[in-house]
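Only one structure is covered here, and it is reproduced in the block below.
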Protein chains: 2
Amino acid sequence: MTLDYAILGLLSWQPFSGYDLKKVFEESPVYYWSGNNNQIYRTLLDLHRDGLVTKEVIPQENLPARKVYRSTPQGEALLRQWVLTIPELPQRKHAFLLQLGWADRLSPTELDALLEQYQEEMQALAVIARARSTNNPHQPSRTTREALLWQAIGTNWVLFYENEVSWAHDLRTQLQSLETANTGT
Amino acid sequence: MTLDYAILGLLSWQPFSGYDLKKVFEESPVYYWSGNNNQIYRTLLDLHRDGLVTKEVIPQENLPARKVYRSTPQGEALLRQWVLTIPELPQRKHAFLLQLGWADRLSPTELDALLEQYQEEMQALAVIARARSTNNPHQPSRTTREALLWQAIGTNWVLFYENEVSWAHDLRTQLQSLETANTGT
DNA sequence: CAGATCATGTAACTGGTTACATGATTCA
DNA sequence: TGAATCATGTAACCAGTTACATGATCTG
């Protein structure tokens with residue numbers, strides 16, 4: 001799994017509490033996980049048990065104590081080791097493609113409506129991704145190189161969505177010309 | 001979940017046994033799942049229990065009986081309903097991007113090696129995807145339109161990988177020019 | 001003789017999601 | 001008054017993977 005490394009990375013940059021992390025996961029598209037408590041709190045316990053992070057308990061009046069985690073040298077070492085690891089292949093779960101595969105039973109109008117909706121959703125996500133890649137507080141830029149890297153990560157998401165947009169657009173025009181070819185005869 | 005619809009789709013096209021389906025999932029990149037028995041056999045039982053498919057048991061000498069499934073009118077109706085459903089957003093699990101986010105602790109050589117490897121892997125997958133999109137027995141083409149749709153599905157995968165290739169390439173040249181800018185001063 | 005292919009299936013586990021629980025404080 | 005924010009955590013569940021088990025037959 002990668003959630004532990006994702007958290008370890010963030011903690012190697014800044015101290016965070018579980019609650020903070022949850023918000024990072026919710027707000028940043030790079031951290032694709034559904035900001036869900038369960039895993040975050042449990043991984044923090046694991047990381048702490050393994051000596052990869054330290055835990056500082058900060059009591060608060062009338063609120064549960066904040067537990068702030070920081071990475072240790074062992075954590076840093078493990079992180080560096082992971083970063084050098086051979087790259088994992090990106091995985092896509094593209095249910096819509098399967099849906100399309102059996103969409104020949106739809107009328108031309110129904111099919112185009114489906115694709116139009118998809119195209120618009122992807123367009124919207126591209127816009128959001130572009131906006132967020134420019135101003136995102138959840139990414140470090142301690143050096144020019146690090147800023148460039150995070151810039152590239154943002155760009156990757158933008159390109160991904162834009163790719164889908166133009167693909168959907170192309171398919172729609174292809175379908176349309178096929179339609180006119182059929183009726184025009 | 002979508003595995004049930006994926007199977008229902010295939011069965012609406014051709015009769016398949018669990019074993020057949022397993023191979024389809026293994027061989028086709030569109031059906032991203034790891035051709036794993038457990039889920040396939042269990043979904044088939046579920047689909048049959050719900051009257052969406054029929055089961056025909058074909059005894060064989062010295063081999064376990066083949067159980068061949070076919071979709072029923074109810075299955076076809078449910079499939080059509082699903083196909084009309086609002087498109088699900090594609091999900092990416094891109095661990096490598098996270099890895100990159102913390103890769104500023106690597107030397108320029110280490111970092112470039114990582115990206116080079118990624119680029120090559122994506123290039124290889126693009127080639128495979130392109131080859132498979134042209135000759136794939138696991139996709140129906142009962143009409144021109146259906147053939148076009150499956151063609152588009154294949155193209156989507158190719159574009160996805162090619163997109164990653166050019167992204168990685170761009171990033172590498174950016175990093176390199178940053179390097180020479182630094183050392184050149 | 002070892003390993004692949006045909007064909008079924010089950011057990012155990014990991015990863016991830018949703019929903020629940022507590023309880024004070026602030027804001028509309 | 002109802003919802004959001006701060007901050008912790010647990011329970012129950014679903015999806016998906018790996019590995020195991022059987023046993024004949026074919027291929028290198």
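Chain letters run A, B, ... following the sequence lines, proteins first, then strands; residues in each count from 1. What you see is a predicted model; the values in this text were computed from it and never measured.
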key: Gln39(B) side-chain proximity, nearest of dG9(D), dA7(D), dT17(D)   =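 Nearest nucleotide to the side chain: dT17(D).
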task = Specify the closest pair of heavy atoms between Phe16(B) and Leu10(B), including all atoms of both residues, with the distance to one decimal.
result =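 Where Phe16(B) meets Leu10(B) most closely, the heavy atoms are CE1-O, 3.6 Å.
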message = Show the nearest heavy-atom pair for residues Leu115(B) and Ala168(B), with the distance to one decimal.
response =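 Scanning both residues completely, I find the closest heavy atoms to be O-CB, 4.4 Å.
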Rounded to the Å, how far apart are [X] [atom1] and [N] [atom2]?
X        : N       : atom1 : atom2 : result
Phe16(B) : dA7(C)  : CZ    : C1'   : 16 Å
Glu56(B) : dA7(C)  : CD    : C1'   : 16 Å
Ile40(A) : dG16(C) : CD1   : P     : 12 Å
Asp4(A)  : dG16(C) : CG    : C1'   : 13 Å
Leu21(A) : dC6(D)  : CG    : P     : 14 Å
Glu26(A) : dG16(C) : CD    : P     : 17 Å
His48(B) : dG9(C)  : NE2   : C1'   : 17 Å
Lys22(B) : dC6(C)  : NZ    : C1'   : 9 Å

key: Side-chain H-bond candidate by donor/acceptor type, Tyr5(B) with Gln99(A), under 3.5 Å   = no
key: Residues in side-chain contact (heavy atoms from CB on, under 4.5 Å) contact with Gln123(A), at least two apart in sequence or another chain   =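 In terms of side-chain contact (heavy atoms from CB on, under 4.5 Å), with neighbours along the sequence ignored, Gln123(A) is linked to Val127(A), Val165(A).
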Going by the salt bridge (charged side-chain N to carboxylate O under 4.0 Å, His left out) test, which pairs reach into [range], not counting sequence neighbours?
range                       : answer
residues 58-72 of chain A   : Asp20(A)-Arg66(A), Glu56(A)-Arg70(A)
residues 167-177 of chain B : Asp112(B)-Arg172(B)
residues 122-151 of chain A : Arg130(A)-Glu162(A), Arg142(A)-Glu146(A), Arg145(A)-Asp104(B)

List, by chain and then residue number, the residues other than [X] in its hydrophobic cluster (Ile/Leu/Val/Met/Phe/Trp/Tyr, side-chain heavy atoms under 4.5 Å); write none if there are no others.
X        : value
Ile86(B) : none
Val68(A) : Ile58(A)
Tyr41(B) : Tyr19(B)

task = Take the C1' atoms of the five end pairs on each side of the helix from dC1(C)-dG28(D) to dA28(C)-dT1(D), derive the two axes, and give their angle rounded to 10 degrees.
result = 40°
task = Return the orientation label for the Tyr161(B) and Trp157(B) ring planes: parallel under 30°, perpendicular over 60°, tilted otherwise.
result =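 Tilted: the ring planes of Tyr161(B) and Trp157(B) meet at 30° to 60°.
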So, is [X] close to the [N] phosphate, meaning a side-chain N or O under 4.0 Å from OP1 or OP2?
X        : N       : answer
Tyr41(A) : dG9(D)  : no
Lys23(B) : dC6(C)  : yes
Asn37(A) : dG9(D)  : no
Asn36(B) : dG16(D) : no
Tyr19(A) : dT8(D)  : no

inquiry  = I want to check something: taking the side chain as every heavy atom from C-beta on, are Leu79(A) and Arg105(B) in contact at a cut-off of under 4.5 Å?
reply    = yes
task = Let me know, please, whether Gln91(B) or Lys55(B) comes out on the 5' side of the other along DNA chain C by nearest nucleotide.
result =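 Upstream on the strand: Lys55(B).
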key: Which residue lies more 5' along DNA chain C, comparing Arg42(A) with Leu45(B) via nearest heavy atoms   =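 Mapping each residue to its closest nucleotide by heavy atoms, the 5'-most match is Leu45(B).
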request  = Using heavy atoms and a sub-4.0 Å distance, could you list which residues of residues 57-67 of chain B are near DNA chain D? By number, please.
outcome  =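 Contacting residues: Asn62(B), Leu63(B).
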Which protein N or O atoms sit under 3.5 Å from an N or O of nucleotides 11-13 of chain D?
from: dA11(D); atom 1: N6; to: Asn38(A); atom 2: ND2; distance (Å): 2.1
from: dA12(D); atom 1: N6; to: Asn38(A); atom 2: ND2; distance (Å): 3.4

key: Backbone of Ala152(B) reached by a side-chain donor or acceptor of Trp167(A) within 3.5 Å   =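 Side chain of Trp167(A) to backbone of Ala152(B): a pair is present.
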ask   = Does Thr43(A) use its side chain to pair, donor to acceptor, with the backbone of Gln39(A) at less than 3.5 Å?
value =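 Confirmed, Thr43(A) side chain pairs with Gln39(A) backbone.
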request  = Quick one: which residue pairs count as a ring pair (Phe, Tyr, Trp, His ring centres under 6.0 Å) with a foot in residues 126-150 of chain B, not counting sequence neighbours?
outcome  =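 Of all non-adjacent pairs touching residues 126-150 of chain B, those that pass ring pair (Phe, Tyr, Trp, His ring centres under 6.0 Å) are Trp102(A)-Trp150(B).
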Could you run down the sub-3.5 Å N/O contacts of the protein with nucleotides 1-3 of chain D?
none

